[in-house]
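A quick write-up on the structure given underneath.
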Amino acid sequence: RDGHVRFDNRYYSLAEDYIGKSVVILGDQRQVSIYCEGKLLEVHERLVDPNRFKSTKPQHLKQWEQVMQDHSV
């Protein structure tokens with residue numbers, strides 16, 4: 001519900017439009033691809049670092065999260 005899908009106990013972001021919809025996730029050693037109804041939605045580099053559990057693309061951040069990343073006040 002937070003705009004991420006789980007694959008191999010790691011989380012990968014996708015657009016808010018797909019929250020609650022069924023997706024298919026295909027992963028190999030290098031990347032994770034997310035599909036909905038046969039359409040490729042996103043491709044993320046696969047997380048392999050044991051200290052990283054979430055991959056969120058900048059365009060998938062909520063507006064207030066984007067502002068915080070810009071270090072705005």
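Residues satisfying the side-chain contact (heavy atoms from CB on, under 4.5 Å) test with V43, not counting sequence neighbours, are Q31, S33, L40. Not counting sequence neighbours, the partners of N9 by the side-chain contact (heavy atoms from CB on, under 4.5 Å) test are R6.
A side-chain donor-acceptor contact under 3.5 Å links H60 and E42.
Taking all atoms of both residues into account, the shortest heavy-atom contact from S22 to C36 is O-SG, 3.6 Å. Considering all non-hydrogen atoms of both residues, D28 and R30 come closest at OD1-N, 2.8 Å. Residues D49 and R10 share a closest heavy-atom pair of O-NH2, 3.5 Å.
The OG atom of S55 lies 4.5 Å from the NE2 atom of H44; values are rounded to the nearest 0.5 Å. Separating the NE2 atom in H4 from the CD1 atom in I19 is a distance of 9.5 Å, to the nearest 0.5 Å.
When hydrophobic residues (I, L, V, M, F, W, Y) are linked wherever their side-chain heavy atoms come within less than 4.5 Å, the members clustered with V5 are F7, Y12, L14, Y18, V23, I25, V32, I34, L41, L47.
No side-chain heavy atom of E16 sits less than 4.5 Å from a side-chain heavy atom of D2.
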